[in-house]
S.K.: 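Got a structure for you, questions after.
Every chain is numbered from 1, with letters handed out A, B, ... down the list of sequences. Only heavy atoms go into these numbers, but all of them, side chains included; no hydrogens, no water, no symmetry mates.
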Amino acid sequence: MSAQDLPIDHGSPHDVDDAVLLRAAARQEPGAVEALVARHGDRVCGFLTRIVHDAAWAEDLTQETLLRALREAADYDARWSLRTWLFRIGRNLALDLLRREQSLRARSRAVGFVGSAPPAVVTAEHQEFQQALEQALQQLPEGFRSVFVLGCGENLSYEEIAAVLGISVKTVSSRLHRARLQLRTLLGRYQR
Amino acid sequence: MRLWPDSPCTRARRDASAMLDGRLDAAARATLQHHLHGCPDCTNELQQLARVSRAMHNLPPFRLADGMASRLRRQLATAPVASATPGQNAMRQRLDFWVSAAAAAILVFALGYWCGRKGAAPEERPAPAPDTAVESPPTIPPPRPVAPSHAVPEAAPAPNARFANFPGPVAPPERR
C-alpha cells in the first residue's frame with residue numbers, strides 16, 4: 001500500500017498532505033471532508049466573495065467548487081498547491097455565474113460579512129477604511145481584482161496567480177501594479 | 001524604442017510593486033532604495049501602495065457557515081466519486097479521442113464511397129457489344145474513363161495491355 005492510499009483515519013486529518021487529504025475526502029473517509037472544508041473552505045469562500053460580491057452566491061460557489069474538486073480528485077496535479085487548484089475551479093465557476101447573471105451591478109445585496117471574524121481591536125476609522133477597500137475592490141476590473149486579492153490577500157506567488165488565472169507571470173506583475181495604483185486613487189481620501 | 005531614458009522617478013514608480021512583492025533583484029533594489037532616500041514624492045508613493053497591500057492582507061477572514069461538510073457528504077452520497085486514478089483518467093481521455101477519430105474516419109470513408117458511387121453510376125451503362133470490343137485493334141485501346149479508386153474493387157486491373165481494351169463488365173466470350 002502506498003502512502004497515498006493510507007486511510008485518513010489512521011492519523012489526524014489535519015496533519016496530512018493536501019493531495020492525500022483530497023483523495024481521502026473523495027473516498028469519503030471519516031473526517032476527511034470536514035478537514036478539507038476546515039483547511040480551505042474559508043479561503044476559497046473569501047476569494048469568491050470578492051469576485052461575485054455576494055456572500056450567498058460565494059457560499060454556493062464554494063460548495064460547488066469543493067464538490068467538483070472531490071469528484072475530479074483524480075485530475076488534481078500535485079505540482080500545484082491544492083489551494084491554487086481550488087481557486088482556479090472556483091474562479092471559473094464564478095465567471096460562468098457572472099456571465100449568466102449580467103445584472104450583478106444592479107443587485108442590491110450587500111457583501112455579507114456575517115460570520116467573518118473581526119480583528120481583535122478595530123477602530124471605527126480602521127473599519128471604515130476596510131469597508132472602503134471592499135467597495136473599491138468591486139470597482140476594479142475582474143482581472144485586476146482577482147490578481148490583487150490572490151497576491152495581496154492570499155499571498156500567492158506570481159507563478160501561482162498565473163496558474164489560477166491562466167495568464168503569464170508578466171501579466172500578473174503588470175496587473176498587480178495597476179490594481180495597486182487604481183486602489184490608491186480610489187482610496188485617496190484615506191491616504192495620508 | 002525610447003528616445004529618452006526613463007527618469008529615476010518613473011523607474012522607481014514602475015519598480016515599486018515589484019519591490020513590495022520581493023520580486024526585485026538586488027541591484028535594482030539598491031538603485032531604488034538609493035533613489036527613495038532623496039525623493040520624498042516616490043517614498044510617499046511607495047508607502048501608499050504598501051498601505052493598500054497591507055490593508056488587503058489585514059481584511060478580516062471569511063468564515064463559512066456551518067454545515068458545508070455535511071452538505072458535501074450528502075451530495076457525494078447521491079452521486080459518488082468515480083474511483084479513477086490519475087492514469088486511468090488520462091487513458092480514458094486518450095481512448096475517447098481515438099474512438100472519435102476512428103468514427104470520423106469511417107464516416108468520411110462511407111460518405112466518399114457513396115459520393116463516388118453516385119458520380120460513377122452514369123458511366124456504368126451497358127457495355128458495348130462484346131464483339132466490337134474483341135474486334136477492335138488491340139494496340140490502340142479505346143479511352144476509358146477512370147473511375148474513382150474507391151469505386152474499383154481491390155482486384156483492379158493493372159495497366160496491362162491484356163486488359164487495356166476490356167470494355168467493362170465481364171461479357172461472355174464470343175463463340176466462333
S.K.: Please classify the contact between A:Asn155 and chain B as side chain, backbone, both or neither, with a heavy-atom cut-off of under 4.5 Å.
M.R.: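 The side chain, not the backbone.
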S.K.: Taking only residues two or more places apart in sequence, or in another chain, which ones meet A:Phe47 in a ring pair (Phe, Tyr, Trp, His ring centres under 6.0 Å)?
M.R.: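 Ring pair (Phe, Tyr, Trp, His ring centres under 6.0 Å) check on A:Phe47 returns A:Phe87.
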S.K.: For each of B:Ala65, B:Ala18, B:Ser53, tally heavy-atom pairs with chain A at distances under 4.5 Å, and name the one with the top tally.
M.R.: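 Of B:Ala65, B:Ala18, B:Ser53, B:Ser53 has the most heavy-atom pairs under 4.5 Å with chain A.
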S.K.: If you apply the rule side-chain contact (heavy atoms from CB on, under 4.5 Å), what do you find for A:Glu59 with B:Arg71, and how did you get there?
M.R.: CA-CA 12 Å; A:Glu59 191 158 329; B:Arg71 285 199 299 276; 3.3 Å; yes
S.K.: At a 4.5 Å cut-off on heavy atoms, which part of B:Arg23 comes close to chain A: side chain, backbone, both, or neither?
M.R.: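 Just its side chain gets close to chain A.
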S.K.: How long is the straight-line distance from CZ of B:Arg13 back to NE2 of A:His177, given to the nearest 0.5 Å?
M.R.: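 These two atoms lie 9.5 Å from each other.
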S.K.: Can you tell me how far CG of B:Leu20 sits from SG of A:Cys152, rounded to the nearest 0.5 angstrom?
M.R.: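 A:Cys152 SG to B:Leu20 CG: 8.0 Å, rounded to 0.5 Å.
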S.K.: Counting a contact as any heavy-atom pair under 4.5 Å apart, which residues of residues 160-174 of chain A contact chain B?
M.R.: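 Hits under 4.5 Å: A:Val169.
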S.K.: First locate atom CG of B:Leu64, then atom CG of A:Leu66, and finally report the distance between them rounded to the nearest 0.5 Å.
M.R.: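 The CG atom of A:Leu66 is 7.5 Å from CG of B:Leu64, to the nearest 0.5 Å.
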S.K.: Looking at B:Phe62, I'd like to know if the NZ or CZ of A:Arg43 sits under 6.0 Å from its six-membered ring centre while staying within 45 degrees of the ring's axis.
M.R.: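 Geometry flag: not set, cation outside 6.0 Å or 45°.
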S.K.: Should A:Gln63 and B:Gln75 count as side-chain neighbours, where that means a heavy-atom distance under 4.5 Å?
M.R.: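 Yes - at least one pair of side-chain heavy atoms lies under 4.5 Å apart.
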S.K.: Quick one: what part of A:Leu137 sits under 4.5 Å from any heavy atom of chain B, side chain, backbone, both or neither?
M.R.: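 It is the side chain, since no backbone atom gets that close.
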S.K.: Quick check: is A:Leu176 connected to A:Leu187 through a chain of hydrophobic side chains (ILVMFWY, heavy atoms under 4.5 Å apart)?
M.R.: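 Yes, it is one cluster - the side chains of A:Leu187 and A:Leu176 are joined through contacts under 4.5 Å.
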S.K.: If you tally heavy-atom pairs under 4.5 Å against chain B, which of A:Ala179, A:Gly153, A:Ala58 wins?
M.R.: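 Of the options given, most contacts go to A:Gly153.
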S.K.: Would you kindly confirm whether A:Leu67 and A:Trp57 end up in one hydrophobic cluster when ILVMFWY residues are joined by side chain heavy atoms under 4.5 Å apart?
M.R.: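 Yes, because A:Leu67 and A:Trp57 connect within a single hydrophobic cluster, where side-chain heavy atoms sit under 4.5 Å apart.
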S.K.: How long is the span from the CD atom in A:Gln28 to the CG atom in B:Leu76, to the nearest 0.5 Å?
M.R.: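 Separation between the atoms: 4.5 Å.
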S.K.: Working to the nearest 0.5 Å, report the span between OG of B:Ser17 and CZ of A:Arg178.
M.R.: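 Those atoms lie 12.0 Å apart.
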S.K.: Any side-chain heavy atom of B:Met56 within less than 4.5 Å of one from A:Gln130?
M.R.: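 The answer is no; the side chains never approach within 4.5 Å.
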S.K.: How far apart are the closest heavy atoms of A:Gly31 and B:Arg73, and which atoms are they?
M.R.: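 Closest heavy-atom pair between A:Gly31 and B:Arg73: N-NH2, 3.6 Å.
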S.K.: Would you mind reporting whether A:Arg180 and B:Gln48 have side-chain heavy atoms less than 4.5 Å apart?
M.R.: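 No; the side chains remain at least 4.5 Å from each other.
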S.K.: To the nearest 0.5 Å, what is the distance between CZ on B:Arg63 and SG on A:Cys45?
M.R.: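 Going from the CZ atom of B:Arg63 to the SG atom of A:Cys45 covers 12.0 Å.
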S.K.: For the hydrophobic clusters of this structure (ILVMFWY residues joined by side-chain heavy atoms under 4.5 Å, transitively), does one cluster hold both A:Leu93 and A:Tyr76?
M.R.: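 Same cluster: A:Leu93 reaches A:Tyr76 through Ile, Leu, Val, Met, Phe, Trp or Tyr contacts under 4.5 Å.
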S.K.: Examine whether an atom of A:Leu133 lies under 4.5 Å from a heavy atom of chain B, and if so say whether it belongs to the side chain, the backbone or both; otherwise answer neither.
M.R.: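 For A:Leu133, side-chain heavy atoms alone lie under 4.5 Å from chain B.
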S.K.: Is any side-chain heavy atom of A:Arg50 closer than 4.5 Å to one of B:Leu59?
M.R.: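 Yes, side chains in contact.
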S.K.: Answer with yes or no whether the hydrophobic clustering places A:Val147 together with A:Leu98; edges join I, L, V, M, F, W, Y residues whose side-chain heavy atoms lie under 4.5 Å apart.
M.R.: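 Result: yes, single cluster for both.
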S.K.: With a 6.0 Å cut-off (strictly less than), is the heavy-atom count around CG of B:Asp66, excluding the residue itself, greater than 12?
M.R.: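 Not buried by this count: 12 neighbours or fewer within 6.0 Å.
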